[in-house]
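These notes are about the structure you will find just below.
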Amino acid sequence: MVLLARIIITTLSMMTFIPVLIIPTEAVEAAEAPLNYFLHSYGPAAKPTMYLGWMLAGLSIAICLILTLLLLTALIRKRPQIDRRAIGSEGKGIRWIYIGTGISTLVLFGLVIYSLMVVNKVAKPPQTTMLAFTVTGYGWWWKIEYEHDDPAQRFVTANELHIPVGQPVRMKLKSADVIHAFWVPKLAGKTQMVPGLINQQWIQADRSGIYTGQCVQFCGVGHAHMGLEVVAESAEDFERWLIAQRKIATSFATSDEKLGYELFMEQCAGCHTIRGTDAQGEHAPDLTHLNSRHRIAAGLLMNTPDHLMQWVINAQKLKPGSRMPSFALSEKEASALASFLSTLD
Ligand code: HEC
């Protein structure tokens, strides 16, 4: 009876997947927790794995239902007293064991073949990739380097990847410290980022939009706040974004901005880079085009002037363990720094 109860509970809990499968895509996009909907896919690197996942979920539910039915039938049906010795080779019972084992073996063998086909399908993009970049996992943010044959066209950004819609892009995945894992569920399966190793991954988005990603290898205290966004946009918008990102910071006009710049050079330049200035720190997000990003601190806060200053003053409180200290600034310093940061678009 306990076994039966367990089977029924498992079956019911698996059935909670079903509403996820039938939620319309519009609802998915409006959803507050986009990672919950990994059973949807928007690109060819994720679709085969998603179908495999659905198939396995469906099969598991079917097996649980069949077993429950068989058990219920066995419990309900009145049967004459069984001679236990009859299960031996002359009895009828052994036949069912052969049949059951045969069916399970066939199903499992089919699944192995199907899984291998899926692995083969997602291993390589369907067409050659024109665009490549490197993503490096840091505790607890992502450095993104856009490659180009001409070194002057290369640039670095953080936490927000832009890609053109409908084109496969290739990524090299690295880690600067511990093991991280790159996962944008609607676009591709997860790939680990291992120190000393360069892993490869490709993604493609078939629809424009913002796709949320997350580090899925526990990497320390800030792990839960190591998110990223992939912005898929039309080829023209993407080209415009590339051109804007390649620009270096312009000069700072007002006295407040200049004061903010000096403060930045004193307090922040050791860690952060702003291209076009002497700030060349390598171990924190590149801030050259800080205001072009939707969010700051790897997805933690929306990027607003208010949040930016809250972050600078309270980084340790907002993201405990973050590799950026909190800064005690006077009102004048805070306002100068805010003016300077607002020029970084
Ligand atoms: C000791 C190194 C260090 C110093 C000094 C430092 N930062 Fe940071 N900063 C970081 C790191 C590391 C991050 C990424 C934190 C995270 O998301 O976990 C960061 C993130 C940021 C971000 C968010 C960027 C983004 O795109 O997510 C801003 C803005 C920022 N710092 C501004 C400043 C300013 C302004 C100063 C000086 C007052 C400063 N930082 C000083 C290390 C530093």
Side-chain angles (χ1 to χ4, degrees), residues 135-146 155-162 175-178 180 182 193 210 212-215 218-231 241 244-245 249 252 256-275 277-345:
V135 182
T136 310
Y138 280 77
W140 291 273
W141 60 280
W142 314 81
K143 180 194 232 173
I144 300 159
E145 295 164 82
Y146 278 77
F155 64 89
V156 176
T157 179
N159 301 332
E160 190 177 294
L161 272 166
H162 283 239
S175 168
D177 36 47
V178 296
H180 301 278
F182 181 94
M193 307 164 103
I210 298 176
T212 312
Q214 172 67 31
C215 175
F218 179 69
C219 56
V221 62
H223 166 68
H225 293 303
M226 187 169 166
L228 86 155
E229 282 185 346
V230 176
V231 179
W241 179 83
Q245 292 291 315
F252 319 110
D256 229 19
E257 285 166 15
K258 281 187 188 137
L259 189 65
Y261 173 66
E262 277 161 26
L263 192 71
F264 189 92
M265 292 311 294
E266 260 170 42
Q267 307 254 25
C268 328
C271 292
H272 290 282
T273 291
I274 296 182
R275 282 172 277 135
T277 73
D278 290 337
Q280 296 295 327
E282 296 250 308
H283 301 288
D286 184 301
L287 300 182
T288 315
H289 296 288
L290 169 66
N291 296 313
S292 71
R293 305 201 270 268
H294 295 116
R295 291 175 170 271
I296 53 167
L300 184 70
L301 298 168
M302 289 306 289
N303 189 358
T304 63
D306 190 35
H307 282 164
L308 271 179
M309 289 320 291
Q310 278 181 29
W311 168 255
V312 173
I313 293 163
N314 273 325
Q316 284 304 310
K317 206 165 151 209
L318 291 167
K319 191 164 173 177
S322 145
R323 307 255 157 92
M324 167 155 159
S326 301
F327 287 87
L329 300 173
S330 71
E331 218 165 281
K332 189 163 179 260
E333 286 172 328
S335 123
L337 197 59
S339 307
F340 168 67
L341 292 179
S342 72
T343 66
L344 304 173
D345 46 11

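As the structure is a prediction and not an experimental result, all values here were calculated from the model. Ligands are counted one by one from 1 in listed order, and the atoms in each one are counted from 1 as well.
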- Note on the structure: Rounded to the nearest 0.5 Å, the CG atom of L344 sits from the CZ atom of F264 at a distance of 7.0 Å

- Atoms in ligand 1 with a heavy atom of P325 nearer than 4.0 Å: 1 (C), 3 (C), 4 (C)

- Message: Can you name the atoms of ligand 1, numbered from 1 with element, that are less than 4.0 Å from a heavy atom of W140?
- Response: 16 (C), 17 (O), 18 (O)

- Query: CD/E160 to NE2/H289 distance, rounded to the nearest 0.5 angstrom?
  - Reply: 12.5 Å

- One should read off an interatomic distance between M265 CE and T277 OG1, to the nearest 0.5 angstrom, of 5.0 Å

- Message: Among C271, S326, G260, which one puts a heavy atom closest to atom 43 (C) of ligand 1?
- Response: C271

- Item | Value rounded to 0.5 Å, distance of CZ in F327 from CD in E333 | 11.0 Å

- Query: Nearest to atom 13 (C) of ligand 1, what protein heavy atom do you find, and at what distance?
  - Reply: P285 CD, 3.3 Å

- atom 27 (O) of ligand 1 has as its nearest protein heavy atom A297 N, 2.6 Å

- Tell me, yes or no, whether the heavy-atom count around H283 atom NE2, taken from other residues, nucleotides or ligands under 6.0 Å, exceeds 12. no

- Closest candidate by heavy atom, reference atom 11 (C) of ligand 1, pool A284, G270, G227, G281: A284

- Message: Heavy-atom contact check, 4.0 Å cutoff: does G222 meet ligand 1?
- Response: no

- More than 12 heavy atoms from other groups under 6.0 Å of CD on E282: no

- Cut-off 3.5 Å, side chains only: do T288 and D286 have a donor facing an acceptor? yes

- Message: Below a 4.0 angstrom heavy-atom separation, can you tell me which part of L263, side chain or backbone, both or neither, approaches ligand 1?
- Response: neither

- Would you please classify the geometry between the W241 ring and the F155 ring as parallel, tilted or perpendicular, with 30° and 60° separating the classes? perpendicular

- Query: To the nearest 0.1 Å, how far is atom 36 (C) of ligand 1 from its closest protein heavy atom, and which atom is that?
  - Reply: C268 SG, 2.7 Å

- Just going by heavy-atom distances, which of H307, Q267, E160, R293 is nearest to atom 5 (C) of ligand 1? Q267

- atom 24 (C) of ligand 1: which protein heavy atom is closest, and how many Å away? L287 CD2, 3.7 Å

- Identify, by atom number and element, the atoms of ligand 1 in contact range of V312, meaning under 4.0 Å from any of its heavy atoms. 35 (C), 38 (C)

- Message: Using a 3.5 Å distance criterion without hydrogens, assess whether the side chain of T343 forms a donor-acceptor pair with backbone atoms of S339.
- Response: no

- Query: Any side-chain heavy atom of H225 within less than 4.5 Å of one from L318?
  - Reply: no

- Can you list the ligand 1 atoms lying under 4.0 Å from a non-hydrogen atom of I296? 27 (O)

- Task: Using a 4.0 Å heavy-atom cut-off, say whether L308 meets ligand 1 through its side chain, its backbone, both or neither.
- Result: side chain

- Looking at CE of M302 and CZ of R293, how far apart are the two atoms once the value is rounded to the nearest 0.5 Å? 13.5 Å

- Under a 4.0 Å heavy-atom limit, does A315 contact ligand 1 with its side chain, its backbone, both, or neither? neither

- side chain to side chain contact (heavy atoms under 4.5 Å, CB included) between L308 and N291, intermediate numbers included: CA-CA 10 Å; L308 271 179; N291 296 313; 3.8 Å; yes

- Rounded to the nearest 0.5 angstrom, the SG-CG distance for C268 and L337 is 5.5 Å

- Item | Residue, atom name and distance, where the atom is the protein heavy atom closest to atom 17 (O) of ligand 1 | K319 NZ, 3.0 Å

- Query: Can you tell me which residue and heavy atom of the protein come closest to atom 7 (N) of ligand 1, and the distance to 0.1 Å?
  - Reply: H272 NE2, 2.8 Å

- Task: Could you pull out, from R323, M324, H225, the option with a heavy atom nearest to atom 33 (C) of ligand 1?
- Result: M324

- Checking heavy atoms under 4.0 Å, the part of H283 that sits near ligand 1 is backbone

- In terms of residue, atom name and distance, what is the protein heavy atom nearest to atom 22 (C) of ligand 1? W311 NE1, 3.3 Å

- Item | Atoms in ligand 1 flagged as close to W141, the criterion being non-hydrogen separation under 4.0 Å | 12 (C), 14 (C), 17 (O)

